[in-house]
K.L.:
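Attaching a single structure in C-alpha cells format; questions to follow.
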Amino acid sequence: MTDEIEQLLKSLHMGRIAEILDEELAHADKGGLSYQEFLVRLLRAQWHQAQQNALSWRIERAKLPEKWTLESFPFKKQPGVAQKQIRAFAELDFVAKAENIVFIGDTGVGKTGLASSLLLKALQNGHRGRFVRAQDLFDEMYASLADRSTRKLLSYLSRLDVLVIDEMGYLNLKPEQTNVFFKLMEERYRRHATIITTNLEYEEWHNFLGNKPLVEALLSRLRHQCHTVRIKGPSLRAPQDETPG
C-alpha cells in the first residue's frame, strides 16, 4: 500500500480497509479475483467494522451494568423463569409493537439479568436504549427540576426504543419526581417499549409513588400493552455450597 492510498483511506475514515488492504491484494492476486470481487471484499469488511463500531457506541450509551446475555443466563438454575417465553421476547416483537415488560420477583431471582439481556438483544438489532436504576432515574429527574432541564431529559428518554428501569421499589420520592415519571411514561405510551424490574406488586406502587389517582393512571398506561412476568424461584446469588432458600 502506498503512502498516498493510506492517506486517502485515512481521510475517508476507511481504517478497516487500510488494515487489510495488503493482505487482500495478496489474496486477490493468488485467487485470481476480479476487480469487482476484490472491491466487494474490501467494502464488506469496512461495512462490518462500521456496524461493530455502531453497536459498541449503542452499548456504551445504554450504560448496561454488565454484559448479560440470554446465552449466559442460568435458566437451569432458575425454574421460576419460562425460557420459552423469554426466547419469544428476544424476537423483539415487543419493541416493534411498543409493548412493555414488567419483571416482578424477589431480590436475586434474575430480573436484572433478563432485562439487561433483552436490552442487549435490542441494541444488537440496531435499536437505541438505556439501562438505568430507578433511584438514579428519579435523582436525574429531581436534578433536572433544579436546573430546568426536565424537558431535555424527557425528550431524550421518551425517544429511546427500549428503556430499562431497574429496581422499582421502596424509594423516598417527592411529588415532583412522581409527576415527571408519569410524564415520561405518558410520552412513551404506545410509542416505545419499557422494561421494568421490581419486587413490588402493582397495588403496592402507590406506597412509594404516592398520589394514588396518578399512580392508577400511570399503571393503566403501563399495563395496557404489557407482559407481566412474575418470577418465583431461588436466588441466583446464593453461595454455591448452600441450597437456595
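Since the structure is predicted, the reported quantities are computational estimates derived from the model, not experimental observations.
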K.L.:
Answer yes or no: is there a side-chain heavy-atom contact under 4.5 Å between Leu200 and Met168?
P.N.:
no
K.L.:
Can you list every side chain to side chain donor-acceptor pair (under 3.5 Å) pair that touches residues 213-226, not counting sequence neighbours?
P.N.:
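Pairs touching residues 213-226 that pass the test: Tyr189-His224.
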K.L.:
Is there a continuous path of hydrophobic side-chain contacts, each under 4.5 Å between heavy atoms, that joins Ile231 to Phe89?
P.N.:
yes
K.L.:
Working note: Phe103 + Val81, criterion side chain to side chain contact (heavy atoms under 4.5 Å, CB included); need CA distance, chi angles, decisive distance, verdict.
P.N.:
CA-CA 10 Å; Phe103 290 106; Val81 173; over 6 Å; no
K.L.:
Quick check on Arg151: does its CZ atom have over 12 non-hydrogen neighbours (other residues, nucleotides or ligands) under 6.0 Å away?
P.N.:
yes
K.L.:
Would you mind telling me which of Leu119, Leu123, Thr194 makes a side chain to side chain contact (heavy atoms under 4.5 Å, CB included) with Val162?
P.N.:
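By the side chain to side chain contact (heavy atoms under 4.5 Å, CB included) criterion, Val162 pairs with just one of Leu119, Leu123, Thr194: Leu119.
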K.L.:
What is the distance from atom CD1 of Ile196 to atom SG of Cys226, rounded to the nearest 0.5 Å?
P.N.:
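Spacing of CD1 (Ile196) from SG (Cys226) equals 7.5 Å.
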K.L.:
About how many Å separate CZ of Arg58 and CG of Leu64, when rounded to the nearest 0.5 Å?
P.N.:
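One gets 12.0 Å once the value is rounded to the nearest 0.5 Å.
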K.L.:
Over all heavy atoms of both residues, which pair between Gly210 and Val215 is shortest? Give the atoms and the distance, please.
P.N.:
O-CG2, 2.8 Å
K.L.:
Identify whether the distance between the nearest side-chain nitrogen and carboxylate oxygen of Arg16 and Glu24 falls below 4.0 Å.
P.N.:
no
K.L.:
State, yes or no, whether a side-chain contact exists between Phe182 and Leu209 at a heavy-atom distance under 4.5 Å.
P.N.:
no
K.L.:
Look at atom CG of Asn172 and say whether more than 12 heavy atoms of other residues, nucleotides or ligands are closer to it than 6.0 Å.
P.N.:
no
K.L.:
Heavy atoms, side chains only, cut-off 4.5 Å: are His127 and Leu92 in contact?
P.N.:
yes
K.L.:
List for me each residue that meets ring-ring contact (aromatic ring centres under 6.0 Å, His included) alongside Phe75, sequence neighbours excluded, and say none if there are none.
P.N.:
Phe73
K.L.:
Heavy atoms only: give me the nearest Val132-Leu137 pair and the separation to one decimal.
P.N.:
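Heavy atoms only, the tightest pair is CG2-N, 3.7 Å.
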K.L.:
Quick check on the hydrophobic clustering: are Tyr156 and Val180 connected, directly or via other members, by side-chain heavy-atom contacts under 4.5 Å?
P.N.:
yes
K.L.:
To the nearest 0.5 Å, what is the distance between CG on Asp161 and CZ on Arg188?
P.N.:
8.0 Å
K.L.:
In Å and rounded to the nearest 0.5 Å, what is the CE to CG distance from Met185 to Asn100?
P.N.:
5.5 Å
K.L.:
Search all heavy atoms of Asn199 against all heavy atoms of Gly169 and return the closest pair with its distance.
P.N.:
OD1-CA, 4.0 Å
K.L.:
Taking all non-hydrogen atoms of both residues into account, name the closest pair between Leu42 and Ile17 and its distance.
P.N.:
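Nearest pair, atom of Leu42 first, then Ile17: O-CG1, 3.6 Å.
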K.L.:
Is the shortest distance from a Lys or Arg side-chain nitrogen in Glu167 or Lys111 to a carboxylate oxygen in the other one below 4.0 Å?
P.N.:
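Result for this pair is no, no salt bridge flagged.
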K.L.:
Starting from the C-alpha separation in whole Å, work towards a yes-or-no answer on side chain to side chain contact (heavy atoms under 4.5 Å, CB included) for Lys77 and Leu236.
P.N.:
CA-CA 7 Å; Lys77 295 182 180 180; Leu236 299 176; 4.0 Å; yes
K.L.:
Mind checking the CZ-CG spacing from Phe38 to Asp29? Nearest 0.5 Å is all I need.
P.N.:
10.5 Å
K.L.:
Please report the shortest heavy-atom distance between Lys121 and Ala90, naming the atom on each side.
P.N.:
CG-O, 3.5 Å
K.L.:
Heavy atoms only: give me the nearest Tyr202-Leu222 pair and the separation to one decimal.
P.N.:
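Closest approach of Tyr202 to Leu222, heavy atoms only: CE2-CD2, 4.3 Å.
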K.L.:
Does any N or O in the side chain of Arg61 come within less than 3.5 Å of the main-chain N or O of Trp57, such that one atom is a donor and the other an acceptor?
P.N.:
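No; judged by distance alone, with no hydrogens or angles, the pair does not exist.
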K.L.:
Tell me, do Val109 and Gln78 make a side-chain contact under 4.5 Å, heavy atoms counted?
P.N.:
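Touching, per the 4.5 Å side-chain cut-off.
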K.L.:
Are the ring centres of Phe94 and His227 closer than 6.0 Å?
P.N.:
no
K.L.:
More than 12 heavy atoms of other residues, nucleotides or ligands under 6.0 Å from CG of Asp106: yes or no?
P.N.:
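Open.
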K.L.:
Is Ser34 reaching over with its side chain to a backbone N or O of Glu37, donor-acceptor style, under 3.5 angstrom?
P.N.:
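Between the backbone of Glu37 and the side chain of Ser34 there is a qualifying donor-acceptor contact (under 3.5 Å).
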K.L.:
First locate atom CZ of Phe181, then atom CG of Leu214, and finally report the distance between them rounded to the nearest 0.5 Å.
P.N.:
10.5 Å
K.L.:
If we only count heavy atoms from C-beta on, is the Gln36 to Leu39 side-chain gap below 4.5 Å?
P.N.:
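Not in contact.
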K.L.:
Under 4.0 Å between a Lys/Arg side-chain N and an Asp/Glu carboxylate O for Lys63 and Glu140?
P.N.:
no
K.L.:
Does Arg87, at its CZ atom, have more than 12 non-hydrogen atoms belonging to other residues, nucleotides or ligands within less than 6.0 Å?
P.N.:
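Counting other residues, nucleotides and ligands, CZ of Arg87 exceeds 12 neighbours.
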K.L.:
Does a side-chain heavy-atom distance below 4.5 Å link Leu153 with Thr150?
P.N.:
no
K.L.:
Do Leu55 and Gln51 touch side chain to side chain, with heavy atoms closer than 4.5 Å?
P.N.:
no
K.L.:
Listed by chain and number, what are the side-chain hydrogen bond (donor to acceptor under 3.5 Å, both in side chains) partners of Thr112, not counting sequence neighbours?
P.N.:
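Checked Thr112 against side-chain hydrogen bond (donor to acceptor under 3.5 Å, both in side chains); matches are Asp166.
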K.L.:
With a 4.5 Å cut-off on side-chain heavy atoms, are Met141 and Lys174 touching?
P.N.:
no
K.L.:
For Glu201, does the CD atom have more than 12 heavy-atom neighbours from other residues, nucleotides or ligands under 6.0 Å away?
P.N.:
yes
K.L.:
Give a yes or no on whether Tyr142 atom OH has more than 12 heavy-atom contacts from other residues, nucleotides or ligands under 6.0 Å away.
P.N.:
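12 or below, so no.
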